[in-house]
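Take a look at the structure below.
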Amino acid sequence: MTITRLLARPMLASIFVAGGINALKNTEAHAAKAKKVTDRVVPLAQQAVPGAPIPTDPQTLVRINAGAQILAAAALATGRAPRLSSAVLAASLVPTTLAGHAFWEESDAQAKAAQRLQFFKNTSVLGGLLLAAVDTEGKPGLAWRARRAAADVRREARQVAKDARREAKLAKAQLT
């Protein structure tokens, strides 16, 4: 692991540990804000996965989100499954941002500006998480490996065909 990744991953994860702990300490306040989002998202999730036991209580959902953030942040910070943990954090950040920083619902100009700033900060963090989720640490990804293998097979097939034509030409020359 490079020094950049060694330093950047814990830095990126730190906000989620702090935010997750804060959400666990202040579940009621977070649940009140989250209710607007959970009322829309839970029915969609229940339709998408009809048999899944999806909680409907905003407090439970806030606790689940906080736990997911803390666990995924710890995994990212320690370098354990960094791509998966980054993806989990990115997925958890979207509803958190929509619930916590809905600047479009604010009427006070100062509050609106503060919420807008936090919204765009979270958007920036989301961008970092997406980059971390696709980071292969300089190693080729599966798609690159598949393309490379296909190119190698095509090159070898051309060489085999060329060798076969040459052998056939030599065999024909020997017969005559």
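No hydrogens, no waters, no symmetry mates; every other heavy atom, side chains included, goes into these values.
- Atoms CH2 and OG1, on Trp144 and Thr136 in that order, are 10.5 Å from each other to the nearest 0.5 Å.
- Two different hydrophobic clusters hold Ile3 and Leu12 under the rule that ILVMFWY side chains link at heavy-atom gaps under 4.5 Å.
- For the residue pair Arg5 / Thr2, a side-chain donor-acceptor distance below 3.5 Å is found, with atom types taken as modelled.
- Using a distance-only test at 3.5 Å, with no hydrogens or angles considered, a donor-acceptor pair links the side chain of Asp108 to the main chain of Ala111.
- Counting non-hydrogen atoms of neighbouring residues, nucleotides and ligands closer than 6.0 angstrom, the CG atom of Leu6 exceeds 12 such neighbours.
- A salt bridge links Lys36 with Glu105; the closest basic N to acidic carboxylate O contact falls under 4.0 Å.
- Between Ala73 and Ala13, the shortest heavy-atom distance links the atoms O-CB, 3.2 Å.
- Across Lys121, Gln118, Gln115, a single residue satisfies side chain to side chain donor-acceptor pair (under 3.5 Å) together with His101, and that is Gln115.
- More than 12 heavy atoms of other residues, nucleotides or ligands sit less than 6.0 Å from atom CZ of Arg116.
- A donor-acceptor pair shorter than 3.5 Å can be found between the side chains of Thr96 and Asn65.
- Side chain to side chain, Thr27 and Gln59 fail the donor-acceptor criterion of an N or O pair below 3.5 Å.
- The two residues Leu129 and Ala90 have their closest heavy-atom pair at CD1-N, 3.7 Å.
- Taking 4.5 Å as the limit, every side-chain heavy atom of Thr56 sits out of range of all side-chain heavy atoms of Thr38.
- The aromatic rings of Phe103 and Phe120 lie tilted to each other, with the angle between the two planes from 30° to 60°.
- Taken from CG in Leu89 to CD1 in Ile70, the straight-line distance is 11.0 Å, to the nearest 0.5 Å.
- Taking all atoms of both residues into account, the shortest heavy-atom contact from Ser86 to Ala132 is OG-CB, 3.2 Å.
- Between Pro55 and Ile64 there is a side-chain heavy-atom pair separated by less than 4.5 Å.
- Under a 3.5 Å cut-off, the side chain of His30 and the backbone N or O of Asn26 do form a donor-acceptor pair.
- Annotation: side chain of Arg40 is not in contact with side chain of Leu44 (no heavy-atom distance under 4.5 Å).
- Counted by atom type alone, Gln159 and Asp163 present one or more donor-acceptor pairs between their side chains at under 3.5 Å.
- Considering Ile15, Leu126, Thr123, Val88 as possible partners of Leu93, the one that fulfils the side-chain contact (heavy atoms from CB on, under 4.5 Å) test is Leu126.
- At distances below 3.5 Å, at least one donor-acceptor pair connects side-chain atoms of Arg83 with backbone N or O atoms of Ala133.
- There is no path of hydrophobic side-chain contacts, each under 4.5 Å, that joins Met11 to Ile21.
- Taking CD from Gln69 and CG from Asn22, the interatomic distance works out to 10.5 Å, rounded to the nearest 0.5 Å.
- Under the 4.5 Å side-chain heavy-atom criterion for Ile, Leu, Val, Met, Phe, Trp and Tyr, Val125 and Leu131 are members of distinct hydrophobic clusters.
- Partner Leu76 forms a side-chain contact (heavy atoms from CB on, under 4.5 Å) with one of Ser85, Ser14, Pro10 and no other, that one being Ser85.
- With a 4.5 Å cut-off on side-chain heavy atoms, Val42 and Leu61 count as touching.
- Under the 4.5 Å side-chain contact rule for hydrophobic residues, Val37 and Phe119 share a cluster.
- In summary, Glu137 and Arg9 engage in a salt bridge, as defined by a charged side-chain N under 4.0 Å from a carboxylate O.
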